[in-house]
Amino acid sequence: MEHTQSLSGPGGRVSPTVIRLYAVLAAARYHGLELDIRDFAAEPGEDSPSPATLARWLNEQGAVAKGMRLRWRYLVKIRNSPPVVLMFKDGSAGLMVRADAEKGVVWLRDPMGGEGDAPVPVDELRLMQVWTGDVLLVKRRRDESEADARFDLLWFAKMVLREKQVMRDIAFASLTLSILQVFPALIVMQVVDRVVNYHSMATLVSLTGFVVILSFYEILLTYARRELSLILSTRLDARISLHAFNRLLALPLEFYEREQTGEILGRFMAVFKVRDFLTGQLMSTLLDLFTLIVILPILFVMSPTLAWMTLAAAGCIGLIVVIFLPLVTRVMGRQVLAEMKRGSVLYETVAGIRTVKTLALETTRRELWDERTADVVRWKLAAGRMASWPQTLVMPFEIFINRGIILVGAYLILTNSSSMQSGALMGFMMLGGRVASPLVNLAKLMEAFNEVSVSLSEAGMVLNQPTETKALTTGMRPVIKGALSFSHVDFSYPGSTAKALNNVTFDIPAGTMLGLVGRSGSGKSTITRLLQGVSRNYTGYLRLDGVDLREINLTHLRRSFGVVLQDNFLFRGTIRDNITAGRPGLTIDDAIRAARLAGAEEFIERMPAGYDTWIEEGSTNISGGQRQRLAIARAVISDPKLMILDEATSALDPESEALVNANLQRIGKGRTMVIVSHRLSSLVNCHQIAVMDQGKLIDIAPHRVLLERCEIYRMLWLQQNRHMTDNDGPGSAGQLTEGE
């Protein structure tokens, strides 16, 4: 620890884990990536975050990071490099900013100090006393557009080519195996022509020993190639799966609102058909092609006539497949589309099973499922029949390759048209079968490629949509205080000619409780969508603390907000996991503090397992009011300076609504609150209430002022509080506000 303090300066008095995290933050900042230490989630059982854990975190945040172990002689040779994070034995870390191999010195900077602090030179003896040998390398994303690269065969090809070393080893093993496969045929030739014809026992013994040795090497190489192929396929599988899911997460919310969820999932799952094709049939066929490189020349040496016949038959197979390819593609595309529509019905039924049961919609959903199944069966039958034609037409050529060649060869030997002997003919049949099989598989590969191209097209309809990747990983990360400014903001939803917001202009200082009211479709929720960065193609200016909202990093923006909706989704897991979902690095104490602030502590403590109580799918084991309070706890756990509540209490019973509103009054102190509600009684204590109508801001003022001067607000208030006028007579706006 003493050496760490000498290297880290004043930072040595801070927790070693914090020092290590700040070192990572400094390395990321060098590349223009601002991270929040509160976003880091430690792995269970780790006293201090390992390089692998830190690399995972950085990769999730848009950087490219890799943890590795280095020796001093390699570390000191690193030149012109960005900061390298060195892991220390006490759990802390340092930043290596320069190295000099000639002097045998590296320069370290204190992660807790300023960027202008002078680095400290350290030699091998001093460093090895505190350094574990582990480093974390951080750099910019190899390809800034990789996360948004078009999802097509070219992307897959680049993905495969990144595994050059493994592919080289597989190619070497395949080529060697292809050479070894020649020897069994040659041995058969010798057995028939020399051993059997001349009854030579000595030759048989020699050939037997040779076969045993070859078999051993063939088994060894086959195992090695299988192991390498497995490694390659699993790596590709992992990369494709991670990329596809990350792309799915990067799609904007507008896309999910526009498309049907069942079809999105169906198209997304099509990517796994492409993955199976790449790591399965395509790879095995390409590996088998090495057999052609080695064996085909030998066949021409043994019998050019038979070799040309074999190639001609295989060529006819390929020609037939190519001719039928467009027809099969068209029909198979219809089949895939029908299967996705059926999957969409299944998803909707399961997702809405409560509605299906309560409204007795089983018969209706069953009829719809039957219709979709009938479409799938119809097109599947058509696709199967269409694919059956080329399969039937190629069978004669396959039979000729497997059985006809030996008859032709025997005829050539009997008519003395060939110098082949019987042993050579048997050897040719063995080798010819190995040559014909890759050629036939190559032709059939084109047929399989047809299905894959359809799947790739369907997956591309989802994964090639414009993403939010750039907005999520770039932009400013200012300290959020909560001052909002709308200046001539106009916004229209895609495909709509009417303006959802029309020249909206208003300003509120930080710490203001703002209510948004108006009829349905007046633009209230649209304002909250713009604030959350869901839609960014508006005109005018929307500023947060004087900074244009579009210039702020989207991840930073959304994590700086607390959002509570009318129907909040809770994940299947514990209460604690749901409260800390947005900040996985927070502790149980943070969860308790947030639950107490949201008024959820009292019912959580009555739960069987407290904060470890499991929430079932759909939150069926808790009430609506409890779910809302958990959602509020989840929103306030990060202590946001701006909170958005969009109809957060409209679905609650009066008692739960009163409790939630009371909690909101306490939560709102020191924060900017934007509250959308149809119930005006819940907004009377707001500092400002904005009245919206047909996308325009009609008025903005406190409750009492609006009752006096805003006709729309007064009418809405009278409609919701008619019982007061019925009892007291036709009271004026002033009478309605008495006693507030």
Side-chain angles (χ1 to χ4, degrees), residues 482 484 486 500-501 504 506 508 511-532 534 561-569 598-599 624-636 640 642-669 671-707 710-724 733 736-737 740:
L484 294 176
F486 282 70
L501 293 180
V504 175
F506 67 87
I508 60 170
T512 300
M513 185 176 291
L514 172 69
L516 292 175
V517 300
R519 302 181 181 94
S520 295
S522 60
K524 305 184 300 297
S525 294
T526 302
I527 288 180
T528 65
R529 288 169 61 88
L530 297 190
L531 288 175
Q532 297 172 69
V534 174
F561 285 4
V563 181
V564 184
L565 306 175
Q566 177 179 353
D567 186 17
N568 293 278
F569 183 84
Q626 291 172 339
R627 182 170 63 247
Q628 288 299 85
R629 280 180 275 173
L630 288 179
I632 294 173
R634 180 170 61 187
V636 302
L642 195 154
M643 289 193 65
I644 298 174
L645 291 88
D646 194 347
E647 301 289 356
T649 62
S650 61
L652 300 181
D653 58 84
E655 182 180 355
S656 297
E657 181 186 9
L659 182 59
V660 170
N661 283 333
N663 293 332
L664 291 180
Q665 296 297 323
R666 186 173 68 256
I667 292 170
K669 294 180 180 179
R671 311 177 199 272
T672 300
M673 303 277 286
V674 179
I675 307 173
V676 178
S677 179
H678 282 96
R679 299 181 183 177
L680 304 189
S681 58
S682 63
L683 302 177
V684 294
N685 292 321
C686 289
H687 301 119
Q688 298 285 328
I689 300 176
V691 182
M692 303 291 298
D693 188 54
Q694 297 182 1
K696 296 181 179 179
L697 177 66
I698 303 302
D699 201 349
I700 180 170
H703 168 71
R704 291 176 180 271
V705 177
L706 289 176
L707 280 176
C710 182
E711 182 179 352
I712 294 178
Y713 186 82
R714 183 165 56 250
M715 182 178 63
L716 291 173
W717 176 265
L718 291 173
Q719 288 175 348
Q720 295 183 18
N721 297 272
R722 193 173 300 278
H723 62 282
M724 297 176 63
L736 292 173
T737 60
E740 290 175 4

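Keep in mind that what you see is a predicted model, and the values were worked out from it rather than measured. Numbering starts at 1 and runs along the sequence shown.
The closest side-chain heavy-atom distance from Y713 to L680 is below 4.5 Å. You'll find the side chain of P640 reaches within 4.5 Å of the side chain of R671, heavy atoms only. Contact check for R634 versus N568: side-chain heavy atoms found under the 4.5 Å cut-off. Under the 4.5 Å side-chain criterion, counting only non-hydrogen atoms from C-beta, L514 is in contact with F506. Looking only at side-chain heavy atoms (C-beta outward), L516 and V674 come within less than 4.5 Å of each other.
Side chain of Q628 to main chain of L565: a donor-acceptor pair is present (N/O by atom type, distance under 3.5 Å, no hydrogens or angles). Proximity of a side-chain donor or acceptor of R714 to a complementary backbone N or O of L707 within less than 3.5 Å is detected. Judged by distance alone, with hydrogens and angles left aside, the side-chain atoms of R629 form a donor-acceptor pair with the main-chain N or O of G599 at under 3.5 Å.
Applying the side-chain hydrogen bond (donor to acceptor under 3.5 Å, both in side chains) criterion to S677, with sequence neighbours excluded, gives S682. Partners of F561 by ring-ring contact (aromatic ring centres under 6.0 Å, His included), not counting sequence neighbours: none found.
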CA sep, side-chain torsions, deciding dist, call: K696, V504, side chain to side chain contact (heavy atoms under 4.5 Å, CB included): CA-CA 6 Å; K696 296 181 179 179; V504 175; over 6 Å; no
Pairs under 3.5 angstrom only: tabulate donor-acceptor contacts from the side chains of residues 520-527 to other protein residues two or more places apart or in another chain.
unit_1: S522; atom_1: OG; unit_2: R519; atom_2: O; d: 2.8
unit_1: K524; atom_1: NZ; unit_2: G518; atom_2: O; d: 3.2
unit_1: K524; atom_1: NZ; unit_2: R519; atom_2: O; d: 3.2
unit_1: S525; atom_1: OG; unit_2: D646; atom_2: OD1; d: 3.3
unit_1: S525; atom_1: OG; unit_2: D646; atom_2: OD2; d: 3.1
unit_1: T526; atom_1: OG1; unit_2: Y493; atom_2: OH; d: 2.8

